[in-house]
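Positions are given from 1 along the sequence.
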Amino acid sequence: MFGTTLLNTLWVGLLAGILSALVRIGFQQLFKLEGDKRSEALTIGGGIFVDISQMMMLVLSILLSIVFLVWANIDTGITAGSGTLWGFLVWVLIEQIYRGIFEKRGFFWQNPWQQTLVSFVSYLFWGWAIYLVAIGFPISGVYF
């Protein structure tokens with residue numbers, strides 16, 4: 001029973017992670033600020049460039065989606081706000097604490113308010129996309 005739930009959580013988490021990362025990346029691309037710097041890109045040939053920071057976000061999104069689904073199967077309180085609570089928690093942990101301390105990007109009060117708003121809303125949409133994928137596949141064990 002636990003093995004089946006874990007297997008279903010893994011593949012639904014993989015799908016939710018990919019789709020939610022695309023939602024977040026797409027939302028941030030719509031509202032790009034002039035001050036945003038181009039990150040490192042990897043050339044894979046044929047004029048195709050892979051943004052390393054976006055790939056790291058994709059992998060992190062998959063891992064955090066799996067964590068969300070496992071947590072939601074144990075305690076449904078994390079699904080409050082239809083996944084936006086999870087998006088807010090991740091925004092605080094990643095954008096504010098981790099990047100503020102280790103990457104010296106500054107905390108939200110030190111950045112332009114437009115950049116903070118776009119980042120915050122993109123993480124809310126990210127968490128909501130994970131939740132929508134999870135409830136779309138009832139075998140994930142996450143319900144309304």
Side-chain angles (χ1 to χ4, degrees), residues 5-144:
T5 304
L6 186 61
L7 180 66
N8 291 337
T9 299
L10 288 175
W11 79 266
V12 172
L14 175 74
L15 182 61
I18 292 170
L19 293 177
S20 63
L22 292 175
V23 165
R24 182 180 170 276
I25 291 168
F27 186 80
Q28 286 188 328
Q29 291 297 320
L30 282 176
F31 300 103
K32 237 183 192 337
L33 299 173
E34 285 182 28
D36 288 345
K37 295 179 182 164
R38 191 84 181 135
S39 61
E40 292 184 31
L42 194 66
T43 306
I44 58 174
I48 299 173
F49 298 96
V50 177
D51 190 351
I52 296 172
S53 65
Q54 302 294 2
M55 289 303 293
M56 288 175 31
M57 179 57 199
L58 179 67
V59 171
L60 184 65
S61 180
I62 291 169
L63 293 174
L64 289 173
S65 296
I66 292 170
V67 169
F68 173 77
L69 290 171
V70 169
W71 190 351
N73 278 309
I74 295 169
D75 177 25
T76 58
I78 193 64
T79 61
S82 299
T84 56
L85 174 63
W86 178 246
F88 175 73
L89 288 173
V90 171
W91 177 74
V92 167
L93 291 174
I94 291 178
E95 287 291 324
Q96 300 309 309
I97 295 174
Y98 177 77
R99 290 189 176 165
I101 294 172
F102 295 112
E103 294 183 6
K104 308 285 190 242
R105 281 187 53 200
F107 296 100
F108 69 92
W109 61 83
Q110 297 167 328
N111 294 328
W113 68 270
Q114 299 93 339
Q115 182 181 4
T116 301
L117 182 66
V118 167
S119 174
F120 178 71
V121 172
S122 70
Y123 272 97
L124 293 182
F125 281 145
W126 174 83
W128 187 43
I130 293 171
Y131 179 77
L132 290 177
V133 171
I135 63 169
F137 290 99
I139 61 169
S140 68
V142 178
Y143 303 107
F144 291 102

Under 4.5 Å between any side-chain heavy atoms of Leu64 and Ile94, yes or no?
-> yes

Looking only at non-hydrogen atoms, find the nearest pair between Ala134 and Val12 and report the distance.
-> CA-CG1, 4.3 Å

Taking atom CD1 of Ile78 and atom CG of Asn73, what is their separation to the nearest 0.5 Å?
-> 13.0 Å

Could you tell me which non-hydrogen atom of Val23 sits nearest to which non-hydrogen atom of Ala129, and how far apart they are?
-> CG2-CB, 4.1 Å

So how far is it from Ile130 CD1 to Leu15 CG, rounded to the nearest 0.5 Å?
-> 11.0 Å

Trp128 meets the side chain to side chain donor-acceptor pair (under 3.5 Å) criterion, sequence neighbours left out, with none

Look at the side chain of Ser122 and the backbone N and O of Val118, then say whether any donor-acceptor pair between them is shorter than 3.5 Å.
-> yes

Okay, side chain of Ser119, backbone of Thr116: is any donor-acceptor separation there less than 3.5 Å?
-> no

What is the distance from atom CH2 of Trp71 to atom OG1 of Thr76, rounded to the nearest 0.5 Å?
-> 12.0 Å

Shortest non-hydrogen contact from Ala72 toward Thr79 = CB-CG2, 3.8 Å

To the nearest 0.5 Å, how far apart are CG in Leu69 and CH2 in Trp86?
-> 9.5 Å

Please name all residues satisfying side chain to side chain donor-acceptor pair (under 3.5 Å) with Thr84, sequence neighbours left out, ordered by chain then number.
-> none

Who are the side-chain contact (heavy atoms from CB on, under 4.5 Å) partners of Phe88, not counting sequence neighbours?
-> Trp91, Val92, Phe120, Leu124

Do any pairs count as a salt bridge (charged side-chain N to carboxylate O under 4.0 Å, His left out) and have a residue in residues 72-96, sequence neighbours left out, and if so which ones?
-> Arg24-Glu95, Glu95-Arg99, Glu95-Arg105

Identify, with sequence neighbours excluded, every residue that meets side-chain contact (heavy atoms from CB on, under 4.5 Å) alongside Ile25.
-> Gln29, Gln54

Listed by chain and number, what are the side-chain contact (heavy atoms from CB on, under 4.5 Å) partners of Leu93, not counting sequence neighbours?
-> Ile97

With rounding to the nearest 0.5 Å, note down the distance linking OG in Ser65 to OH in Tyr131.
-> 14.5 Å

Met55: what forms a side-chain contact (heavy atoms from CB on, under 4.5 Å) with it, not counting sequence neighbours?
-> Val50, Leu58

Nearest-0.5 Å distance, CG of residue Leu14 to OG of residue Ser61 = 10.0 Å

Flag side-chain contact, heavy atom, 4.5 Å: Leu63 against Val67 | no

Return the orientation label for the Tyr123 and Trp126 ring planes: parallel under 30°, perpendicular over 60°, tilted otherwise.
-> perpendicular

Partner residues of Phe125 under the ring-ring contact (aromatic ring centres under 6.0 Å, His included) criterion, sequence neighbours left out | Phe27

